[in-house]
Every structure is written in C-alpha cells, then in structure tokens.
Amino acid sequence: MSLEWRGAAVAPDDEMPSPESWEPVSVPGRPEQFAGAEAVAYETTFSDPRDESDAHTLLVLNGTYAHTRVWCNGDRLASHDAYFEPLRVRLPESEEYRVVVECRAPEDRFGGLHATDQLPPERCVPGIWWDASLETRPDPCVSELSVQPQVSEADVTDATVEVSATVLTEEPLDDRITLSLRPEGDVRGGGMMDRARVSTDAETATVSYTMDVRDPSLWWPHDRGEQSRYVLSAKLGDDEHSVTTGLRTVSYDDGLRVNGEDMPVRGVTLLDPTAEDVARAVDANANLVRVRAQGTPPEVARACDDHGVLLWQDLPLSGPGSFDTERGTAIATQLDAAYAQHPSFAAVGVHDEPVPSYADGLGTGFLDRLRFRWRAWRASYDDSDAASVATAVDSVPTFPVVGPPGIDPDAVTLYPGWRYGDAADLQWLCSQFDVGDVVAGFGAGSLGTPDPGDSPGFDSACHDRHVDGGVEASQAYQSGVVREVAETLRQRNAPLIVVDSLRDVGDAGMGLLAADGTEKTAFRALADSYEPTQVVLSDAAPGEQDIVVLHDRPAKADLMVEWDCNGDREQAEHTVGPFARVTVDTLTLSAGDDVTLAATDGQTVVKNEYRISE
C-alpha cells in the first residue's frame, strides 16, 4: 500500500510534533527544503488496510536517520536509534490511522559522515531514507526473520544457518514453524526442511533454530567464482516469510581470506552509496567497496551480493573526538546482526579519521619530511575504546582505527601527491611508519565542472596546489596520482587497498566519477591498474625501470608479455606463479618516451600505456 506523506521542520522536544503547517514530501527520501533542520516530522493518514484474512498491521520503516520516534493516533509506540536496522511497528486496531514519525539529527557521536562537512546538507536531512511501507499479516505470523550463516574455516563443507524468527500472535500458541532452505537459481545441491516448535502465551515470541546445510554451495567474489545463494523460508499457518543469504567464510591474517583462500583486495570507497555504484565498482575491476562511516542501504548490500563485491561496512563514527564506548558497542552489535545475512559482508571499521589532518600542504623535500615526522609523532590517538567496540563484532574481521600514519592505525589512509608531497613519496611513508598492508584510502581530487564552487569533502588548499589548470588538467593530475599509488601498492604486495573514492558528491572531489556517474580520466586508469593480472612499469620516470607482471590469481599463468618503447617492440614468454610479482625486463627511459605494455594468456589481453614525465 502506497502512502502519502507530509513533512515539517520541528523543534526537537519530548512532545509529539504539532507544526503549524505540513507540506507534501516524498517518502522515502531526503526533502531538500529541510536541509539543516535539527528535527523533521513526517505525517501520513490512511484507513484500516486489512482485509478479512488479516489480523495485524505493521508499519515498516528502513533508514530512519538518526534518532526516531513514532506516534499512532496520538500514542507514542516506538523509538529507534540505529538507522541501518529496520524499524517494525505493530499498529493498534483502528478504522482510521494518523501516524507521525519524528527523525532527529544525531544526539551523539554516531551520525557518521552525515554529521560532518564531507557530504552536502541536502544528503543529511533527518528522514526516512530507504523505505516506508505497510504490511498486513494473518494471525499468527512471522513478523521478523533473520539468518546468520556459519561455515567452518577448517572444513567449508561443514555449514549451518542460524535462524531467528519473531512470532506475533493474538492467542496462546503451541505449534511448529516449518523452515525450508533451498538453493536460489541454478545452484547445485538440494533443499532442506526442518520444523521448530513455538509455544507462547505472549503476543510475541522469538524462535531460534540451527539448520544444517548439506553439500553447501559457496558464495565467491566475482573475480574468483559464482555468487551462490540460498532462500530461507519460515511458514506458520497461512503466513510465510523469507530472506536470501549465502554461505562463505571470511577472515584476516596478513591478508583477507575468503572460503579459506587468499583474496587480494582491490577496493573503492563509496561516500553516497547506490546500487549503481556497485556495478561501477565491478567495471573498475574492484572486488570490494568500503561504505565509509555510514550505514549501507539494503539495495546496495543486495547489489554487493548479486555482483560478487565484498562489503567493508563502517560504523557511523567519523572525525576527532571521544565517544561513548557502551553506545558504540551496542551499535556494533546491531550492525553485525543487520548485515550478517549478506555473504558479501566482509569487514567492519570502527573509528574513521580520528585525528585532524596534520600534513596538508607539506612538500616532498628533506625539511618537509622532517615536519611530517614531527607532526605524525604529535598526532597521538588512544585506540582502546575503538578496540573495545570492535570486540562486539564476531562475524567478520574488524579494523578498529582507520586513519593517517603516526597513530598506528589498523588501516591507514595515505594521500601523497594530494594532501602532501608527491606520489613518489609513498615508499618513504610506508617504510617510515610501517604501514601499507591495509590501505583504506588513497587518491587525489579533481574537478567535475569548470566552476565547482564549494564542494563537500574537497580540500580547497589541495585545489589551489593541484587543480588550478582547469577540468582537463586536474583530471589528468588525479589520474597520474591514482595510477602511480595503486600500482606501487600492488607491487609492494599490499593485501588490501581501497581508493578514495568512486564518485563525487559535489561538482569536484576525490571521485573517479563525477557526481552523475560520468567517468573522469582516472576511472579507466584505475581499472587498468586494478586488473587482476597486469603488466606495469616500476616507475614512470626517467632512468632504469623494470617491467613487472602482477598476478593476483590462485593458479599459475603462461603469459606472452610485449613492450613497445617509442615504436621499438619486443616480447617474451613467462610463466607466473600464483599471487606472484615477476620482473620481465628492464628499460632505460628518458623524459618524453612513450611506453606501451601488454600481456595475454591467449584468452584475455591487458594493456598499459605510459608517457614518461620529467
């Protein structure tokens, strides 16, 4: 049933909002006219939606940012403070309904990126962002259903699904729920069926059950295998509820492992995630998206499952400042449960960028490096609270601290060539501060339009240094930095790297795509650099430079490698082992040289082109 909504900016207080006037708004959505409001109220009215077979009416809200209260016909029914978790409200019996939902801006540190200046105000409007619907159900019914797959690291054929079903009933109940698990689509293996008892005098009861999975078919990232899924259904009387899930293991020990196999990660950051962005990430040869410091919309998580893209999910916590550890632990627990059904769910970050940026504007000389080291030494951060919160997540690996060198982060953010120095300083940064295994952010910014104005998340100081030559020049500079850093990290065998970011949120930014999805020059440069098997130069600079094959696949490859320097072409055959880095030859290069590298295994051809700089 579709609902018509009205909205109004209101003062946050303890009473049900009663604004002088309402105006029509789209729900779900983020009404731009309320940008900057501390609280926004939403109102809808409707008649009893049930027919003769229905007993219950449920209001289901998804993505209610950030602190939410719900009233029905003047009575307060519910409150909510974790917008990534659906809010399901059972409505009382009535012939007519008036529902008021108040959404408030964050009252604590857990507003995430939406509580910073990294996103435009119109993307941060308190509201019902993802979904709003009515459900009518018979009695008794399964009002909520969640699953958490469990696969043994030691034996991936040993798999179970932990099921939790919430039963809603008007009368005492002594019955059995029928649980069925069947493969989705063309997946090998048969289905399974079990029955679980439910006996209750209360209006609601939770049934927990563990289903064994025979001959499990595993879910894999897109560059390694198929995206097998299962549908779990719970049937009680005339009511049936289902969810889709997948089976996989994920762990981290000097590298990410999926289903017991090494998985070199090539990722992109999403600042304003959409399902289309997941498909774009695949086009960029990425196999992971990091949704930075915010909840992931359900359609984006499903797109990750569908496209075989790993999901790094942050807590909504960003920027300097202390936070309530108890509240953080509760949010981490809720977040872990909310995304556990998704086989793409692969990692959690706790505290994003916990110290102010300290090296912006520093150059690449000896004195600038001394200044960098001094500032990094002073940028201390006590990670005990973040580490404590991380212990609440037990289904996937965690990275408690994501931030710059000098604070001993679990995942480092590195911006040579943009915030400081140049791209060639990457090697010094990694060795000086013992970082570079897990890189949660690297890259550079560029213009998306000739006159971007004040774009969220776009450093004006970096703008003045690097993008003052217009759109074309700025995008060319960004492309060079992204390419050099990505290829250098891969040559260093960094097991997990994530570029910042995939798409702009304004007219300029760190995105490889403009806000409307139009490709910048850096997008194709990254796609080439992220090819699982690729041939690169050790450095696109004058002097002796190696031709290096990067091979991030679990099986060896027989390759024909070809290189062309100013029209002088040569080639050689090479066998490359699993996850190998192999030097093919060495070139002596001069400024202005044009170099083209290519490799093929007889089926796929990859190519890389370089113009040697001064």
Side-chain angles (χ1 to χ4, degrees), residues 82 84-86 144-165 181 206 208-213 216-221 227-230 232 243-253 255-261 263 265 267 287-298 300-305 308-317 328-351 386-402 410-411 438 440 496:
F84 50 80
E85 189 176 58
E144 294 184 60
L145 182 65
S146 63
V147 299
Q148 182 166 353
Q150 302 282 352
V151 182
S152 169
E153 286 275 0
D155 180 5
V156 292
T157 65
D158 180 10
T160 60
V161 174
E162 306 288 338
V163 182
S164 178
L181 185 71
T206 300
S208 298
Y209 194 81
T210 300
M211 294 189 70
D212 293 325
V213 184
S217 185
L218 301 178
W219 180 96
W220 291 92
Q227 290 74 58
S228 302
R229 255 78 57 81
Y230 289 82
L232 186 286
V243 296
T244 302
T245 190
L247 303 171
R248 58 88 183 97
T249 69
V250 60
S251 60
Y252 189 89
D253 183 11
L256 199 73
R257 293 175 63 83
V258 176
N259 299 330
E261 295 191 9
M263 185 65 58
V265 172
N287 56 12
L288 175 144
V289 294
R290 177 192 171 206
V291 177
R292 183 182 166 199
Q294 60 188 290
T296 298
V300 175
R302 288 192 295 268
C304 288
D305 295 342
V309 175
L310 298 167
L311 171 62
W312 171 333
Q313 173 62 62
D314 279 357
L315 264 66
L317 175 63
T329 299
I331 288 181
T333 301
Q334 291 169 287
L335 183 142
D336 194 21
Y339 295 102
Q341 77 182 51
H342 295 283
S344 56
F345 185 40
V348 167
V350 176
H351 197 171
S388 174
V389 169
T391 62
V393 177
D394 58 12
S395 64
V396 296
T398 59
F399 300 104
V401 180
V402 179
D410 302 281
V438 180
L496 196 163

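One-based numbering along the sequence shown.
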What's the shortest heavy-atom distance between [X] and [Y], and which atoms?
X	Y	answer
L247	V151	CB-CG2, 3.9 Å
V350	P400	CB-O, 3.3 Å
P221	V258	CD-CG1, 4.0 Å
L315	G328	CD2-O, 4.0 Å

Contacts of type ring pair (Phe, Tyr, Trp, His ring centres under 6.0 Å), residue Y252, not counting sequence neighbours: F399
Partners meeting side-chain contact (heavy atoms from CB on, under 4.5 Å) with [X] (sequence neighbours left out):
X	result
T206	S164, T166, S208
A340	Q148
T391	none
D212	T160

Please enumerate all residues that pass side chain to side chain donor-acceptor pair (under 3.5 Å) together with [X], with sequence neighbours excluded.
X	value
T210	E162
Q294	none
D314	R290, W312
D155	T157

Is there a donor-acceptor contact under 3.5 Å from the side chain of [X] to the main chain of [Y]?
X	Y	result
Y339	T296	yes
D410	V401	yes
T249	N259	yes
R257	G255	no
S152	A154	yes

Run V147 and Y230 through side chain to side chain contact (heavy atoms under 4.5 Å, CB included) and show every step you take. CA-CA 11 Å; V147 299; Y230 289 82; over 6 Å; no
Working for side chain to side chain contact (heavy atoms under 4.5 Å, CB included), residues I331 and L317: CA-CA 10 Å; I331 288 181; L317 175 63; over 6 Å; no
Only one of D305, V396, V250 forms a side chain to side chain contact (heavy atoms under 4.5 Å, CB included) with F345, so which one is it?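 Of the listed residues D305, V396, V250, the side chain to side chain contact (heavy atoms under 4.5 Å, CB included) partner of F345 is V396.
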Rounded distance [0.5 Å steps], CD in E85 versus OG in S146: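 Rounded to the nearest 0.5 Å, the CD-OG separation comes to 9.5 Å.
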Quick one, Q313 with L335, criterion side chain to side chain contact (heavy atoms under 4.5 Å, CB included). Give me CA distance, side-chain angles, the key distance, then yes/no. CA-CA 9 Å; Q313 173 62 62; L335 183 142; 3.7 Å; yes
Return the set of residues passing salt bridge (Lys or Arg N to Asp or Glu O under 4.0 Å) with R248 (not counting sequence neighbours), or none when no residue passes. none
Full working for side chain to side chain contact (heavy atoms under 4.5 Å, CB included) between L145 and L232: CA-CA 9 Å; L145 182 65; L232 186 286; 3.8 Å; yes
